[in-house]
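One structure below.
All values below were derived from every heavy atom in this structure, side-chain atoms included, with hydrogens, water molecules and symmetry-related copies excluded. The structure displayed is predicted, hence computed values, not measured ones. Start at 1 and go down the list; that is how both ligands and their atoms are numbered.
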Amino acid sequence: MPFIDLRSDTVTKPTSAMRRAMAEAEVGDDVYIEDPTVEKLQRRAAEIFGREAALFVPTGSMGNLISVKLHTQPGQEVIIDARGHILNYELSSISLVAGVMPRSIPTENGLLTWKDIESAIRPPIYYCAQTSLICLENTHNMAGGAVMPKEQMYEICEKARERNIRVHLDGARIFNAAVALGESVAELTKPFDSVMFCLSKGLGAPIGSMIVGTKEFIERARPLRKTLGGGMRQVGVLAAAGLIALEEMPARLAEDHDNAKLMAQQLAEMPGISIVGRVQSNIIIFDISKTGLNTKDFSEKLKSHGVLANGISPTEMRMLTHFDVSRSDCENAMEIVREIVTKR
Ligand code: TLP
């Protein structure tokens with residue numbers, strides 16, 4: 001029996017349509033800007049986001065890093081919420097490569113407001129590092145897939161512009177946010193200076209992310225991608241899967257959200273478990289401290305029953321739904337969790 005893998009939506013395997021498209025992809029050398037499939041993917045991504053240009057990058061982490069570096073000068077500060085992916089799971093790359101200092105702000109639900117941000121902007125005094133960038137994340141991974149409403153993002157972008165501060169969106173799961181909010185990704189992300197989104201999470205492509213922005217921004221991003229070792233050659237084989245991810249997969253994300261809500265409802269009724277935040281997309285974070293188990297032991301017990309899920313702290317577990325887990329997989333996984341916690 002294969003595992004029911006709830007560790008992440010990054011674990012999805014390419015669909016058969018993706019595999020076929022990959023096998024048949026027309027390719028060229030993308031460092032020479034000659035790969036027609038990559039060009040097509042970039043054009044479509046720019047179109048879908050209503051932007052001038054887009055660039056295919058190997059990972060979301062590289063897309064974020066390129067964006068942060070292009071919006072800042074070494075020695076400046078970047079505002080980011082304390083649970084942000086850029087701050088916690090991309091090593092210290094923005095400090096190492098872009099030479100910037102993250103100023104992290106703790107929030108209750110991972111979703112920064114302009115009020116939180118305003119008080120963290122450094123005064124224009126020569127001995128203070130200057131704030132040049134704000135990074136937002138939508139949906140917010142470590143806040144349990146929380147969705148930042150459009151108005152909140154727009155207000156931050158508008159006020160930041162008045163202060164001459166750029167705003168980058170880590171939109172690894174922006175298509176999930178769009179589904180949850182019933183808005184298009186173009187409308188949701190319109191005021192941002194740049195957006196990174198992932199093809200390789202809920203959209204199911206095996207590899208790849210995109211950054212979108214102005215033509216000028218993307219022209220500056222291309223040499224930086226090469227500097228970081230991300231200049232790829234006949235990468236149309238990946239872009240072909242990315243095109244299917246982009247065109248066909250957003251429509252099915254609602255199913256993942258429904259499955260996550262179903263699991264959250266069931267988890268909330270189990271002894272010792274409490275859901276962290278409100279489950280709005282495909283991510284569930286739940287506290288197990290009152291079960292008497294730590295997350296390491298909990299994960300091991302799950303694994304021995306065929307379910308994979310990781311702890312994000314000694315007391316909190318994370319589960320994600322995606323197209324490689326069906327509704328009945330989710331129901332079965334909940335049966336197993338129930339058995340583990342009620343046996344105690
Ligand atoms: N997230 C991964 C892990 O790194 C935690 C996951 O399993 O959720 N931004 C956000 C919001 C992300 O969740 C991730 C990956 C990234 C950026 C980085 O993407 P990759 O893994 O392509 O570098």
Structural part of Arg173 in contact with ligand 1, heavy atom criterion under 4.0 angstrom: side chain
Ligand 1 versus Asn141: contacting region, heavy-atom distance under 4.0 Å: side chain
Atom 7 (O) of ligand 1: nearest protein contact (heavy atom, Å): Ser8 OG, 2.7 Å
Atom indices of ligand 1, in the order listed, that fall short of 4.0 Å to a heavy atom of [X]:
X      : value
Ser61  : 18 (C), 19 (O), 20 (P), 23 (O)
Glu137 : 11 (C)
Ala172 : 9 (N), 10 (C), 11 (C), 12 (C)

Check: Lys215 and Glu219 side chains under 4.5 Å, non-hydrogen atoms: yes
Carboxylate-amine/guanidinium proximity below 4.0 Å for Arg220 and Glu216: yes
Lys NZ or Arg CZ of Lys296 over Phe298 ring: under 6.0 Å, within 45°: no
Connected-component partners of Met62 among ILVMFWY, side-chain separation under 4.5 Å: Leu55, Val57, Leu65, Ile66, Val68, Leu70, Val78, Ile80, Ile86, Leu87, Ile94, Leu96, Val97, Val100, Leu133, Met196, Ile211, Phe217, Ile218, Leu224, Leu228
Of all pairs that satisfy side chain to side chain donor-acceptor pair (under 3.5 Å), the ones with a partner from residues 46-63, not counting sequence neighbours: Arg44-Glu47
Aromatic ring pairing Phe175/Phe49, orientation class (parallel under 30°, perpendicular over 60°, tilted between): perpendicular
Heavy atom of Arg7, distance to ligand 1 below 4.0 Å: no
Closest to atom 21 (O) of ligand 1 (judged by heavy-atom distance), picking from Glu90, Lys201, Met62: Lys201
